[in-house]
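Structure first, commentary second.
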There are 2 protein chains.
Amino acid sequence: MTDDKQSTKTRLLDAAEKLFADNGFDEVSVRDLAAVADVNVAAVNYHFQGKENLFHEVIRRRFMGQKDTTLASLAEVMARAEERPELAAIIRAIVGSYLEGALVQDGGMRIMALITREMHSNYNTRHMVFFKEMIAPIFAAFSAAMLAARPSLRQEDVNWLIASVVGQIHHFIMRRVKCDSLDPADDTRSFMILAFPVLDAPMDEFVSAVTDHITRFSTAAVDGMHPEVTP
Amino acid sequence: MTDDKQSTKTRLLDAAEKLFADNGFDEVSVRDLAAVADVNVAAVNYHFQGKENLFHEVIRRRFMGQKDTTLASLAEVMARAEERPELAAIIRAIVGSYLEGALVQDGGMRIMALITREMHSNYNTRHMVFFKEMIAPIFAAFSAAMLAARPSLRQEDVNWLIASVVGQIHHFIMRRVKCDSLDPADDTRSFMILAFPVLDAPMDEFVSAVTDHITRFSTAAVDGMHPEVTP
DNA sequence: GACAGAATAAAACACATGTTTGAATTATGC
DNA sequence: GCATAATTCAAACATGTGTTTTATTCTGTC
């Protein structure tokens, strides 16, 4: 099990990452994986112990680091705060670092979309690991941060607010990925871009535009729903 | 082709609706459908012309009506408006009538989630019909309504706002369906309900709570981002 | 009651799937 | 340089898929 670069194992992981992200778990066959990675079909079961395990490795490799950077980014905001952390900064930290997973490499956004889909799909509980290892910690940190920023909020309020923020993040990721996956000549794609030109912009522009919008939208919403009482 | 009640055809449609909604298109086999509907496997291809067509019929039967009620509900708000329609009423009409699709019958929410998933999944462009026949008209009406309510908004602003609203709707639907599909003893489910007790409430309570939250959240956001200039 | 056409049924078809096998090849340690 | 382990490979395996075929039963009409 020497982890040489470009070994069969890593080639398989790379191919799996791209294929799974583009097509989803069920839609990719072991033979597809083997063909793209240029390895034998048996390699999947030899190096990982089945297709499902390979999938989990793909996720672990890319997504767990993401969790850490998100938490770190949030922690930094909290540390820099004088008395009360700023609500907009908190939301921006969460949204931004989540979306920036899309920028780390080509296809990063597809990976984020893959996770989103797998979490949303209620077909199988088999990939539920993400939820516990990944979502729960971020949720807890996000929640604590918002309570610190707005002490008058009840926990229940915070949960509603977070849900609204997360829903927006997911939606914009899905839109982008869907748009990217369509043929440039497809008129559904044209329709989407006409309504949302930023879907066709370079990924970094998209990320910053979306981050900005969600932050401003959500901050305004919180301010409107729960006006801050200045002490 | 006599459309008797309880005919093979309708039994197949009913079984398909439930199975597809619970498990998704690819996860349901023709043999599953036949078994639940208590018909022969060949019936799927005899009455519909293949599994995919059956799926489309399921959607058409349930979702196209939904589109009409949503548009009607929005039209009513616009007609009742004195000078400018009220923003909150518009948002409530859209969100409410979309979510109320969950109440029309047992499993209605699952159908909504099914549509959401199929639209989100970029694996195949094969179910794209929904987008053109269903989403586009609602989007256009929603957009026009918001412009009427806030004439100072640019079309681009409206598109962003709508995306934020739709993202929230999808997210709450997904949460509820995911929660419902989990075993009552599952601790992920417990975790979700702890943070969001309404996920465990009766469906009508859930729908009204979510409708209320999204409406207030989004209205506050729009008001905060684009303060209305009183004439 | 006989007969066409629609509906159902059991079986088979053709193919794709994840996984396993067992031999051939390559790498490793001494 | 050789024995031993690790890896690769082609082939086969077992199973599940959507669909088609062919025969049989049901149904309505004259």
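Chain identifiers are assigned alphabetically (A, B, ...) following the order of the sequence lines, protein sequences preceding nucleic acid strands; residue numbering begins at 1 within each chain. For the numbers below, each heavy atom of this structure counts, side chains included, while hydrogens, waters and symmetry mates do not. Computed from a predicted model, the values in this text were never measured in an experiment.
- Spacing between atom CZ of A/Arg11 and atom P of D/dC9 amounts to 8 Å, rounded to whole angstrom units.
- Proximity of B/Asp26 to A/Asp26: side-chain heavy atoms (C-beta onward) are nowhere separated by under 4.5 Å.
- Across B/Arg175, B/Arg189, B/Arg176, a single residue satisfies salt bridge (Lys or Arg N to Asp or Glu O under 4.0 Å) together with B/Asp200, and that is B/Arg189.
- Distances from the side chain of A/Ala42 to the nucleotides D/dT17, D/dT8, C/dT20 place C/dT20 closest.
- Note: CG (A/Asp26) to P (D/dG16) measures 16 Å, nearest angstrom.
- Comparing atom distances between the A/Asn40 side chain and each of D/dT21, D/dC9, D/dT19 picks out D/dC9 as nearest.
- In this structure, B/Val41 and B/Thr8 both approach DNA chain C, and ranking their closest nucleotides by distance from the 5' end singles out B/Thr8.
- Side-chain N/O atoms of B/Arg31 and base N/O atoms of D/dG18 include a donor-acceptor pair closer than 3.5 Å.
- The separation between A/Asn45 atom CG and C/dT17 atom P is 14 Å, rounded to whole Å.
- In this entry the distance linking OH of A/Tyr46 with P of C/dA23 reads 17 Å, nearest Å.
- B/Lys51 has its NZ atom 15 Å from the P atom of D/dT20, to the nearest Å.
- Note: B/Phe55 and B/Phe25 have perpendicular aromatic rings, judged against thresholds of 30 and 60 degrees for the angle between ring planes.
- For A/Leu54 and C/dG18, the CG to P distance is 11 Å, given to the nearest whole Å.
- Here C/dA9 presents its P atom at 12 Å from CG of B/Leu12, a figure rounded to the nearest Å.
- Within the structure, every side-chain polar atom (N or O) of B/His47 is placed at least 4.0 Å from both OP1 and OP2 of C/dA6.
- We find that CZ of A/Phe20 is positioned 12 Å from C1' of C/dG18, with the value rounded to whole Å.
- Between B/His170 and A/His170, the distance from one ring center to the other does not fall under 6.0 angstrom.
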